[in-house]
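Worksheet: the structure to be examined is printed underneath.
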Amino acid sequence: MEMKPHIAMFPGPGIGHLTPFLELAKRLVLAHGLQVSFIVIDTLDPSSPQHKLLTSLPSDLTVIRLPPADPSAILIPDVTLLITRISLIVKDSIRFLKPALAKLPPVHAFITDVFGTEVFETCSELRIPVYSYVTASAWTLALCLYLPKLDPDLDGEFFYEPVRIPDCTPIRPDDMIDQIKNRKMTDYDWFLLHGTRMRSAEGVLVNSWEGLEGGTLAALGRLVDGGVSVPPVHAIGPVVRDGEELVEQEGIELIKWLDDQPVCSVLLVSFGSGGTLSRSQMTELAHGLEMSQQRFVWVVREPTDDTVSGSYFNAGENGAKPNSDYLPDGFLDRVRCLGRVVRNWAPQMAVLRHRSTGAFLSHCGWNSCLESTLTGVPIIAWPLFAEQKMNATLLSEEIKVVIRPAVEPGKGIMSREEVERVVRAVMEGDEGKALKTRAEEVKMSALKAVDHDGTVEYVTWRNIPHRLVRGREGDLYWIV
Ligand code: UDP
């Protein structure tokens with residue numbers, strides 16, 4: 001019997017990386033007849049959303065679990081150093097990866113995370129071609145690949161001028177990825193290292209498409225001509241979950257509640273798997289939602305005052321306090337008829353797909369941006385960390401499906417009045433109608449980029465059409 005080509009995939013820690021990896025894995029198995037070993041690093045305390053994602057998978061998709069990282073190897077005092085922590089977790093896991101790979105049938109290609117470049121050496125020793133899968137925008141990928149060229153010419157601790165990547169929209173210092181804003185921090189060093197290593201990948205897959213970021217994708221192709229070593233980039237997006245099973249009572253009740261609401265009347269408020277607000281920001285948001293008198297679904301998790309990514313590694317399951325402990329007094333009673341407050345986690349894709357959902361107040365994680373795009377739902381952008389500010393800028397200034405609230409000068413938070421203003425603007429104003437029309441146009445472009453059966457469409461690299469298909473004799477699967 002002919003052996004199916006075998007791909008190993010290695011997502012970085014975090015639901016925002018795991019989800020698009022898993023979706024791609026399912027497509028490789030179901031639409032392209034490949035066999036996938038999906039290698040995940042266990043956490044000491046896997047969150048239930050993560051656990052659910054990794055169950056009920058197709059038979060040719062095998063999950064291989066590596067033991068959790070040694071706590072002493074990832075001990076860093078500063079909780080905001082996210083890239084460092086992720087990179088150290090991956091680095092520590094390499095000692096388990098090699099023996100795990102040795103037990104597998106021959107691996108024809110290895111697809112690793114943007115922060116998983118530690119595997120490059122191992123793959124090179126084992127002569128396995130390695131691809132990077134960037135689960136972010138092409139604009140972020142351009143920064144990642146271009147920073148190693150730019151770095152020697154940069155002076156000082158911070159980015160003082162916009163970063164100009166040839167033929168790409170300049171990145172303003174304010175929009176720069178939060179973790180690398182300060183060039184003296186280890187997160188910057190790690191990001192630079194990942195970008196440098198990624199240049200030696202066989203190819204880079206990016207979760208975007210020409211209709212969304214055609215200019216940047218073309219610019220990436222031309223970087224080679226400017227002397228920057230860039231591997232072939234394959235825009236395979238949007239790779240997004242097509243739905244989700246509602247297994248929990250809370251999710252089922254939420255959808256039933258949405259069934260009873262008027263079309264496009266509900267605002268979804270959610271900050272992804274990792275985002276958390278400070279206590280004072282949460283108070284302002286609660287009052288603003290109430291003052292707007294618009295229907296809402298709010299995914300609430302315990303506030304954190306020292307970081308805005310407080311639930312990155314556990315999807316919010318750290319919080320033990322009841323909602324009433326940190327929401328304004330009487331809030332839950334007063335909004336009982338107006339909205340639903342959901343603790344920690346909601347079936348986001350099911351809510352976005354629902355006809356009653358009219359807008360999404362989002363932290364602009366890339367998956368949330370794509371999910372909103374594919375469902376034609378306009379966004380109120382509330383970026384918190386990582387490259388979320390770049391995503392918000394891209395979607396507001398270029399794609400024009402986003403409204404951005406202003407931060408109160410001096411305080412660094414969004415006031416309740418500003419929350420009320422933007423919520424009303426998007427839910428009932430002319431601005432909201434224009435955003436909705438535009439969101440529907442972008443949705444059509446997203447749908448066109450995905451085949452009817454969810455397989456990856458033709459992509460172009462340097463004007464040559466490629467397609468993600470079952471490979472030829474050797475080890476390349478992206479063939480002309
Ligand atoms: N998500 C969800 N329910 C929640 C919060 C998040 O289903 O309550 C999913 C969301 O649909 C997306 C992923 O978790 O697929 C979050 O990824 P994103 O890139 O938006 O943000 P991150 O969590 O990486 O900050």
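Because the structure is predicted, anything quoted here is derived from the model rather than measured. Sequence positions, counted from 1, serve as the residue numbers for this chain. Counting starts at 1 for both ligands and their atoms, in listed order.
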Please set out all donor-acceptor pairs under 3.5 angstrom arising from side-chain atoms of residues 398-406, sequence neighbours excluded.
| from | atom 1 | to | atom 2 | distance (Å) |
| --- | --- | --- | --- | --- |
| Glu398 | OE2 | Thr169 | OG1 | 2.6 |
| Lys400 | NZ | Glu397 | O | 2.9 |
| Arg404 | NH1 | Thr393 | OG1 | 2.9 |

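- You'll find the side chain of Leu18 reaches within 4.5 Å of the side chain of Val40, heavy atoms only.
- With Glu290 as the fixed residue, the salt bridge (charged side-chain N to carboxylate O under 4.0 Å, His left out) test singles out one of Arg295, Arg336, Arg334: Arg334.
- Aromatic ring centroids of Phe21 and Tyr133 lie under 6.0 Å apart.
- For Trp345, heavy-atom contacts with ligand 1 shorter than 4.0 Å involve the backbone as well as the side chain.
- Ring-centre distance between Phe115 and Trp190: not below the 6.0 Å cut-off.
- Not close to ligand 1: Gly275, with no non-hydrogen atom less than 4.0 angstrom away.
- Residue-level proximity to ligand 1 for Glu371 is carried by the side chain, the only part with a heavy atom below 4.0 angstrom.
- The shortest distance between side-chain heavy atoms of Trp209 and Asn207 does not fall below 4.5 Å.
- Inter-residue side-chain proximity for Leu267 and Gln294 is flagged as unmet; no heavy-atom pair is nearer than 4.5 Å.
- The cationic group of Arg183 lies under 6.0 Å from the six-membered ring centre of Tyr188 and within 45° of the ring axis, placing it in a cation-pi geometry.
- Compare Met349, Arg241, Lys52, His363 by their heavy atoms: the one nearest to atom 22 (P) of ligand 1 is in His363.
- The shortest N or O to N or O distance between Asn367 and ligand 1 is below 3.5 Å.
- Atoms of ligand 1 found under 4.0 Å from any heavy atom of Trp366, numbered from 1 in the order shown, are 19 (O).
- With ligand atoms numbered from 1 in the order given, ligand 1 contributes 18 (P), 20 (O) to contacts under 4.0 Å with heavy atoms of Ser368.
- Close approach of ligand 1 to Ile15 (heavy-atom distance below 4.0 Å) involves ligand atoms 14 (O).
- Applying the 4.0 Å criterion to heavy atoms of Ala346 picks out, from ligand 1, the atoms 2 (C), 3 (N), 4 (C), 7 (O), 8 (O).
- Of all the atoms in ligand 1, the ones that sit under 4.0 Å from a non-hydrogen atom of Val299 are 8 (O).
- Qualifying ring pair (Phe, Tyr, Trp, His ring centres under 6.0 Å) partners for His354, counting only residues two or more places apart in sequence or in other chains: none.
- Taking distance alone, with nitrogen or oxygen atoms compared against 3.5 Å, Pro347 stays at or beyond that limit from ligand 1.
- At least one heavy atom of Gly274 sits less than 4.0 Å from an atom of ligand 1.
- Less than 4.0 angstrom separates some heavy atom of Gly16 from each of these atoms of ligand 1: 17 (O), 24 (O).
- The N/O atoms of Thr19, backbone and side chain alike, include none that comes under 3.5 Å of an N/O atom in ligand 1.
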